[in-house]
2 protein chains.
Amino acid sequence: MRHLECFLAVGEERHFGRAAERLGMEQPPLSQRIRRLEKELGAELFDRSGGQVALTAAGSVLMREAPALLRQHQRLRTLVKRAAEADPAEPPRPWSSIY
Amino acid sequence: MRHLECFLAVGEERHFGRAAERLGMEQPPLSQRIRRLEKELGAELFDRSGGQVALTAAGSVLMREAPALLRQHQRLRTLVKRAAEADPAEPPRPWSSIY
DNA sequence: ACTGATTACGTCGCACGTAACAATA
DNA sequence: TATTGTTACGTGCGACGTAATCAGT
């Protein structure tokens, strides 16, 4: 999930340096994350040749589809948090059902 | 993401042992994962008191919402994989644009 | 006492930052 | 040579399995 945010930053900036700054991290970890994501997905996402950071076909698909997944993820977090606040799990009160 | 699969297994089985077996792992790591997930979400998901594994309100919400997220995640992986296979990133051929 | 969940502990892999390197303009 | 991306390396946290412990029936 974090990988996707990093990927989106790079895909939008088309620049590892600016993306890393935007994400509050350094370039090397970012580069590694992207590589891992590519390996995990089994697909090259960026074409780094030619001094350019260009999207591959797979990268374009991911750029188009990733935001929806991130939004849904955020939505889920919000719903769960809300439910937990509305019905806070009662702290253990072993006596409550007796008295 | 993996956390959600673990959570769903426990939520469906309502039993850490069977869930762990289904997931191909041991109970202790599973228990830890669930605890981490709960801490990360800031919400109790299960009520382990009474020798029962019962869903809390937040847990119920997650049981209802998680499958959609997992499906979308799987869909994304499929789309990316397909795009990568349809347009395999060309291996570096520095001479191709010359000859 | 037995079944089931958690905590304790050692190990491995991932993620980060800093530093050194390679490649492109 | 300056800029940009990657590899190298050491450190810390997360995840796993095995073993020991706690809780409920």
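Throughout, a chain's letter reflects where its sequence line sits, starting with A, and its residues are numbered from 1.
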Do any side-chain atoms of residues 15-31 of chain B form donor-acceptor pairs under 3.5 angstrom with protein atoms, and if so which ones, sequence neighbours left out?
from	atom 1	to	atom 2	distance (Å)
B/H15	ND1	B/G17	N	3.2
B/H15	ND1	B/R18	N	3.0
B/R18	NE	B/E13	OE1	3.4
B/R18	NH2	B/E13	O	3.3
B/R22	NH1	B/E12	OE1	3.2
B/R22	NH1	B/E13	OE2	3.0
B/R22	NH2	B/E12	OE1	2.7

Phosphate OP1/OP2 of C/dC16: any A/R33 side-chain N/O under 4.0 Å: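 Yes, A/R33 has a side-chain N/O under 4.0 Å of OP1/OP2 on C/dC16.
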Tell me whether the OP1 or OP2 atom of D/dG14 has a side-chain N or O from B/H3 closer than 4.0 Å.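 For D/dG14, neither OP1 nor OP2 has a side-chain N or O of B/H3 closer than 4.0 Å.
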Quick one: [X] [atom1] to [N] [atom2], roughly how many Å, whole number?
{"X": "A/M25", "N": "D/dG5", "atom1": "CE", "atom2": "P", "answer": "14 Å"}
{"X": "B/E26", "N": "D/dG17", "atom1": "CD", "atom2": "P", "answer": "5 Å"}
{"X": "A/E40", "N": "C/dC14", "atom1": "CD", "atom2": "C1'", "answer": "12 Å"}
{"X": "B/E5", "N": "D/dA15", "atom1": "CD", "atom2": "C1'", "answer": "15 Å"}
{"X": "A/I34", "N": "C/dC14", "atom1": "CD1", "atom2": "C1'", "answer": "15 Å"}
{"X": "A/R2", "N": "D/dG14", "atom1": "CZ", "atom2": "C1'", "answer": "16 Å"}
{"X": "B/Q27", "N": "D/dA15", "atom1": "CD", "atom2": "P", "answer": "18 Å"}
{"X": "A/L30", "N": "D/dT6", "atom1": "CG", "atom2": "P", "answer": "9 Å"}

Write down the protein N/O and nucleotide N/O pairs, taken from nucleotides 22-25 of chain C, whose separation is under 3.5 Å; answer none if there are no such pairs.
from	atom 1	to	atom 2	distance (Å)
C/dA25	OP1	A/G50	O	3.4

What's the shortest heavy-atom distance between B/F46 and B/V10, and which atoms?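 Minimum heavy-atom separation between B/F46 and B/V10: CZ-CG1, 3.4 Å.
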Which donor-acceptor pairs under 3.5 Å do the side chains of residues 62-71 of chain B make with protein atoms, sequence neighbours left out?
from	atom 1	to	atom 2	distance (Å)
B/E65	OE1	A/R75	NH2	2.6

Would you mind telling me which of D/dA15, C/dA15, C/dA5 lies closest to the side-chain atoms of B/V53?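 Nearest to the side-chain atoms of B/V53, counting from C-beta on, is C/dA5.
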For the side chain of A/H15, counting heavy atoms from C-beta on, which of D/dT4, C/dT18, C/dC14 is nearest?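 It is D/dT4.
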Apply salt bridge (Lys or Arg N to Asp or Glu O under 4.0 Å) to B/K81 and A/E38, showing your working. CA-CA 10 Å; B/K81 198 68 180 294; A/E38 288 176 327; over 6 Å; no
What's the spacing between A/L41 CG and B/L76 CG if we round to 0.5 Å?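 It comes to 7.5 Å.
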If we ignore hydrogens and angles and just use 3.5 Å, is the side chain of A/T56 paired with the main-chain N or O of A/E44 as donor and acceptor?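 Checked: pair present.
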Write down the protein N/O and nucleotide N/O pairs, taken from nucleotides 7-11 of chain D, whose separation is under 3.5 Å; answer none if there are no such pairs.
from	atom 1	to	atom 2	distance (Å)
D/dT7	OP2	A/R35	NE	3.4

According to side-chain hydrogen bond (donor to acceptor under 3.5 Å, both in side chains), who are the partners of A/S60, at least two apart in sequence or on a separate chain?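 A/S60 satisfies side-chain hydrogen bond (donor to acceptor under 3.5 Å, both in side chains) with no other residue.
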For B/E40, check side-chain hydrogen bond (donor to acceptor under 3.5 Å, both in side chains) against everything at least two apart and list the hits.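 Expected list: A/R77.
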Run the salt-bridge test on A/E85 and A/R82 with the 4.0 Å N-O cut-off and return the result as yes or no.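 A/R82 and A/E85: not salt-bridged.
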